[in-house]
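So that the names make sense, note that chain A is the first sequence line, chain B the second, and so on, each numbered from 1. Keep in mind the model is a prediction, meaning the values are calculated, not measured.
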Protein chains: 2
Amino acid sequence: MSPVSRLPARALAPRRHDEILRRLSAQGSVSVAELAEFFDVSRETIRRDLKLLSDQGRLGIVHGGAARFEPSEPAMSLRSQENAGGKAAIGKAAAGLVRDGMVVFLDSGTTTLAVAQAMAGLHDLTICTASLKIALHLCHVPGMRVHMLGGEIDPGEEAASGIDTLEVMARFRVDIAFLGGGALSPDGEVTDFTRAGAEQRGRMIALAGKAYFVLDSSKFGKLTPLRIPNFDRAAGVVVDASPEPALVEALSQNGPELIVATLM
Amino acid sequence: MSPVSRLPARALAPRRHDEILRRLSAQGSVSVAELAEFFDVSRETIRRDLKLLSDQGRLGIVHGGAARFEPSEPAMSLRSQENAGGKAAIGKAAAGLVRDGMVVFLDSGTTTLAVAQAMAGLHDLTICTASLKIALHLCHVPGMRVHMLGGEIDPGEEAASGIDTLEVMARFRVDIAFLGGGALSPDGEVTDFTRAGAEQRGRMIALAGKAYFVLDSSKFGKLTPLRIPNFDRAAGVVVDASPEPALVEALSQNGPELIVATLM
DNA sequence: ACATTAACTGCCACATATTGCAACATCAAA
DNA sequence: TTTGATGTTGCAATATGTGGCAGTTAATGT
């Protein structure tokens, strides 16, 4: 019988392996049938791939597919934080705004860390961050290039800041930025604790194609002293619960879109 | 589409190499067939191009094409467990060379991480490092200022490297530096795996008041391809077991002092 | 400008690797 | 136990890799 028609462009073996590992870290498990269809190869080929990766100790084979060994270690660091569910929802919604191939800036903070963890399923991203934990986490996700911004480390944030950070940041062409913040003030603006932080975030709004703030609901009532420059030019604010109507109204006047994320 | 993507039917060799690398960094992998058709040259020619670029260490060849270089090395988390006792001894001895108030450079690697952990008792240090884990660990130790060097993150090392790293590094006045290495060769020199690594370490020897290599005994017999510039100007080599007499002799001829650390 | 040299390229033959197919063994759930 | 899906293995087909060789092209020196 004549062999099946060969597709002109076929994924190279290592490409498949990367994708398999990426799906694993995103979904926790993969099935042979699903992968075979996705790559348009036979199931045997997929099984051979899985066997190979299993021999390298990078996954475990189960009947019907494969599963990862370490049950999401990253989630651990999040669970210790408060409002973990809300942050996860924000992370998922934020990751949904990202397209393959983009250059992404991730600010420091626990909410942006949740965004980082939700991006495991995406391809070919260039990540630019000043956060040690985000860099450490994302550098192990296949197909992501991580650029760490250098500078003095702030122990509270576990992130770099200062002259070097600002300087190098400006050299990136950033498609989308996710920024943290100190509070969502009653007049519909995101505000910050420190002068340096507000300045850095304002700068990033100007640099990035689109800039989103990610804030969980614990930041709603609060007041912090510094407004963020260029706030009206931000693309949106992603939150995990709907704020008071007055706040929503005020925010809509300012410009940025309000995105309320829910768990599924 | 990018305006760069149009090329004459036939391009000179260096032009092809540029385009290949461009596609590689954009797509993660390239196939021989696809490139041959695009440049309108034979597959052999493309393979020769890839071989050349591979010899320069700029990509990795796989069956059917080439992929971005990600040598599937044993993860750092695995390596750190090997010879833990020896590394701890080295760390303690190395920390003993540091005085309060110094500016300390710490290279990436598992042995230098042990040095970082052993420095907990010291005060008023300024730490300069490219390693994410070292920065994350030391930033929580009271009385230490940590400066993270930025750059592209190498997943295997969990550390920054590249242009930005070298550039910023040079701005520090470093009192003492602790460097890793790939191997301690039989002729009494420390050698390295990669061009970039050797260059960065050689640069640091020149910059630091005193530079010490820290190498555990598993690195003794090995051979790696690149010598480290300025090695004779290093202050010493800290190890956890006495190497063969011939190696000791060779090392003493080269200059650096040999320091054998023991667990007490 | 000319000649010489070195490098590049394509073609060929042969070695190797990857993949799909088919037959058979195993597993898991009803 | 039955049944459908999944895993395993040998084999053949196709794609890819390698080295030698000859023709061509670019680079260099005179």
List in chain and number order the residues that pass side-chain contact (heavy atoms from CB on, under 4.5 Å) with B/A36, two or more places apart in sequence or in another chain; answer none if no residue qualifies.
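Partners of B/A36 under the side-chain contact (heavy atoms from CB on, under 4.5 Å) test: B/R43, B/I46.
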Angle class for the B/F213/B/F231 ring planes (parallel below 30°, perpendicular above 60°, tilted otherwise)?
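Ring orientation, 0 to 90° scale: tilted.
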Please check if the number of heavy atoms outside B/R58 that lie under 6.0 Å from its CZ is greater than 12.
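At most 12 heavy atoms, drawn from other residues, nucleotides or ligands, come within 6.0 Å of this atom.
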Flag if over 12 foreign heavy atoms under 6.0 Å of CD, A/Q27
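More than 12 within 6.0 Å, yes.
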Electrostatic pair [X]:[Y] at N-O distance under 4.0 angstrom:
{"X": "B/E19", "Y": "B/R16", "value": "no"}
{"X": "A/D124", "Y": "A/R15", "value": "yes"}
{"X": "B/R22", "Y": "B/D18", "value": "no"}

Can you give one letter per nucleotide of nucleotides 24-30 of chain C, going 5' to 3': B for a protein heavy atom under 4.0 Å from the base, S for sugar-phosphate only, - for none?
-------
Can you list, in residue-number order, the parts of residues 46-57 of chain B that come under 4.0 Å of DNA chain D, counting heavy atoms only?
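Residues of residues 46-57 of chain B under 4.0 Å from DNA chain D: B/R47, B/R48.
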B/D216 side chain vs B/K87 backbone, donor-acceptor pair below 3.5 Å:
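Not confirmed, B/D216 side chain does not pair with B/K87 backbone.
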Between [X] ([atom1]) and [N] ([atom2]), how many Å, whole number?
{"X": "A/E44", "N": "D/dA13", "atom1": "CD", "atom2": "C1'", "result": "15 Å"}
{"X": "A/R15", "N": "C/dT19", "atom1": "CZ", "atom2": "C1'", "result": "20 Å"}
{"X": "B/I61", "N": "D/dT18", "atom1": "CD1", "atom2": "P", "result": "7 Å"}
{"X": "A/H17", "N": "C/dT19", "atom1": "NE2", "atom2": "C1'", "result": "13 Å"}

Using only side-chain N and O atoms of B/T45, determine if any of them is under 4.0 Å from OP1 or OP2 of C/dG10.
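So the side-chain polar atoms of B/T45 do come within 4.0 Å of the phosphate oxygens OP1 or OP2 of C/dG10, strictly under.
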Phosphate OP1/OP2 of C/dT9 contacted by B/R16 side-chain N/O (<4.0 Å)
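True: B/R16 side-chain N/O within range (under 4.0 Å) of C/dT9 OP1/OP2.
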Toward the 5' end of DNA chain C, by each residue's nearest nucleotide, B/R43 or A/A13
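Whichever sits nearer the 5' end wins; that is B/R43.
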